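Model, not experiment: these values are computed from the prediction.
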Amino acid sequence: MSNLAKAGTFTLGSRTVNRLGYGAMQLAGKGVFGPPKDRAEAVAVLREAVESGVNHIDTSDFYGPHVTNQIIKEALHPYRDDLVIVTKIGAKRGPDASWNPAFSKAELTLAVHDNLRNLGLDAIEVVNLRAMFDVHGPAEGSLEEPLTVLADLQRQGLIKHIGLSNVTAKQVADGRKITEIVCVQNQYNLAHRGDDALVDALAAAGTAYVPFFPLGGFSPLQSTTLSDVAARLGATPLQVALAWLLQRAPNILLIPGTSSRAHLRENLAVADIALPPEALTALEAI
């Protein structure tokens, strides 16, 4: 049995995955743009992740763009039967590395086909629609048109399940009137708790919640309390932050990313960390 099984499993679409997964964003170059500094290490990280029991990889063809998906294909294709690859569409990169909305029917359809080709898949297990009404966080706006496009691509057999990213609770509820939503991917971590109610509501519905920037993203988490708890447990602050997420709710699936095998091992070791009640109390107060 994989060591990751200690962290538990949860349903993602029609598949069961280990709750400790891997996010591929950091496999691209600086600013998630262009090729990586060390492509061989990127390939090695992916292979070690899967060999260690990771069976949920989160990616997007707008990472690079195209770079991370091509590295995933090089490293892991043909894919193991238990591997679930999830991608995101709804954005595109400008030549200046900017992040721009790509919400038209033509753009969404092209994005799905780009992901299929670059990953070497006939169908994608889960496609997350990333709302781009505000690049920096969820903002209200109708997702009816793009979700209708995705539902049509689902009927064509190109995608199996649909999720949402960077969305509000209202957008999740509205989206469910159009199609089944199997996961929500928003920013959430110890210091960024705006989705507390949504996490609990999705847990009650049996829907996966996948926090991005679980360690703070471009501004890593820094807290004296976090550092103190980590020191007492003989762990790193970032390991404790991930362990807190695992204990926060059973439907949370983690996708910490890295471009280094050493850091990957550190992230996956979180499966062995159980936070005692006094640690949880201290962390909840951050």
Side-chain angles (χ1 to χ4, degrees), residues 2-13 15-27 45-46 48-60 63 68 72 82-88 125-126 128 163-166 182-193 195-196 198-200 202-203 206-218 220-221 226 229-230 233 235-275 279-280 283 286:
S2 161
N3 190 50
L4 298 197
K6 293 181 183 177
T9 60
F10 198 76
T11 302
L12 181 56
R15 307 284 291 277
T16 298
V17 297
N18 287 322
R19 291 179 63 210
L20 257 174
Y22 175 79
M25 186 172 82
Q26 292 187 35
L27 294 183
V45 166
L46 284 162
E48 181 164 325
V50 171
E51 287 162 7
S52 300
V54 167
N55 57 9
H56 168 211
I57 292 178
D58 181 84
T59 186
S60 174
Y63 295 160
T68 60
I72 289 169
D82 68 336
L83 183 62
V84 175
I85 297 177
V86 179
T87 193
K88 266 183 301 300
E125 194 70 34
V126 183
N128 287 322
L164 293 172
S165 178
N166 200 43
V182 301
C183 59
V184 172
Q185 188 178 106
N186 278 2
Q187 181 177 0
Y188 184 77
N189 55 52
L190 255 177
H192 193 282
R193 303 279 300 275
D195 269 1
D196 271 342
L198 181 58
V199 170
D200 294 335
L202 293 172
T207 303
Y209 183 93
V210 188
F212 64 75
F213 294 160
L215 307 177
F218 299 116
L221 291 175
L226 182 59
V229 170
L233 295 175
T236 71
L238 299 186
Q239 284 177 320
V240 170
L242 290 174
W244 177 83
L245 283 167
L246 281 176
Q247 288 182 232
R248 167 63 182 83
N251 62 321
I252 287 181
L253 301 179
L254 296 189
I255 50 166
T258 178
S259 56
S260 127
R261 280 173 286 178
H263 190 209
L264 172 72
R265 291 167 200 148
E266 200 173 278
N267 288 342
L268 298 186
V270 170
D272 292 316
I273 297 175
L275 299 175
L280 287 172
L283 293 171
I286 289 179

Using the rule given for side chain to side chain contact (heavy atoms under 4.5 Å, CB included), can you reason through L275 versus V240, listing the C-alpha separation, both sets of side-chain angles and the distance that settles it, and then say yes or no?
CA-CA 8 Å; L275 299 175; V240 170; 4.1 Å; yes
Just do the side-chain hydrogen bond (donor to acceptor under 3.5 Å, both in side chains) check on T87 and T59 with the steps written out, would you?
CA-CA 5 Å; T87 193; T59 186; 5.3 Å; no
Yes or no on side chain to side chain contact (heavy atoms under 4.5 Å, CB included) for I252 and L246, after CA distance, side-chain angles and deciding distance?
CA-CA 6 Å; I252 287 181; L246 281 176; 5.7 Å; no
What's the verdict on side chain to side chain contact (heavy atoms under 4.5 Å, CB included) for L268 and R265, showing C-alpha distance, side-chain angles and the deciding distance?
CA-CA 5 Å; L268 298 186; R265 291 167 200 148; 5.9 Å; no
Intermediate values then yes/no, side chain to side chain contact (heavy atoms under 4.5 Å, CB included), R248 and D200
CA-CA 9 Å; R248 167 63 182 83; D200 294 335; 3.0 Å; yes
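T16 and T9 are not linked by any side-chain donor-acceptor pair at a separation below 3.5 angstrom, with hydrogens and angles left out of the test. For Q185 and D58, the side-chain atoms include at least one donor-acceptor pair closer than 3.5 Å. Looking only at atom types and distance, the side chain of N186 has no donor-acceptor partner in the side chain of N166 under 3.5 Å away. For N267 and Y22, the side-chain atoms include no donor-acceptor pair closer than 3.5 Å.
For the pair F213 and M25, the minimum side-chain heavy-atom distance is below 4.5 Å. Taking the side chain as every heavy atom from C-beta outward, L238 and E266 never approach each other to under 4.5 Å. No side-chain heavy atom of Q26 sits less than 4.5 Å from a side-chain heavy atom of Y63. H56 is not listed as a side-chain neighbour of R15, based on a closest heavy-atom distance of 4.5 Å or more. Taking the side chain as every heavy atom from C-beta outward, T207 and V182 never approach each other to under 4.5 Å. R19 places none of its side-chain heavy atoms less than 4.5 Å from the side chain of L254. Side chains of V199 and N251 form a contact here, defined as non-hydrogen atoms less than 4.5 Å apart. In this structure, the side chains of L245 and Y188 come closer than 4.5 Å at one or more pairs of heavy atoms.
Shown here for I273 and A243, the closest heavy-atom pair between the two residues is CG2-CB, 3.8 Å. Considering all non-hydrogen atoms of both residues, L4 and A271 come closest at CA-CB, 4.1 Å. Considering all non-hydrogen atoms of both residues, Q187 and Y209 come closest at O-OH, 3.8 Å. A pairwise comparison of heavy atoms in L253 and P211 identifies O-CD, 3.2 Å as the closest pair. The minimum heavy-atom distance linking A208 with L202 is given by the pair O-CD1, 4.5 Å. Of all heavy-atom pairs spanning L12 and C183, the tightest one is CD1-CB, 3.8 Å.
Screening V229, L226, L242, L190 against P237 for a side chain to side chain contact (heavy atoms under 4.5 Å, CB included) leaves a single residue, L226. Among the candidates I57, L264, T68, V54, the single residue satisfying the side chain to side chain contact (heavy atoms under 4.5 Å, CB included) test with L46 is I57.
Judged by distance alone, the side chain of D195 and the main-chain N or O of L198 form no donor-acceptor pair under 3.5 Å. Checked by atom type and distance alone, the side chain of N18 pairs as donor or acceptor with a backbone atom of G53 at under 3.5 Å. For Q247 (side chain) and W244 (main-chain N/O), no donor-acceptor pair under 3.5 Å exists by modelled atom type.
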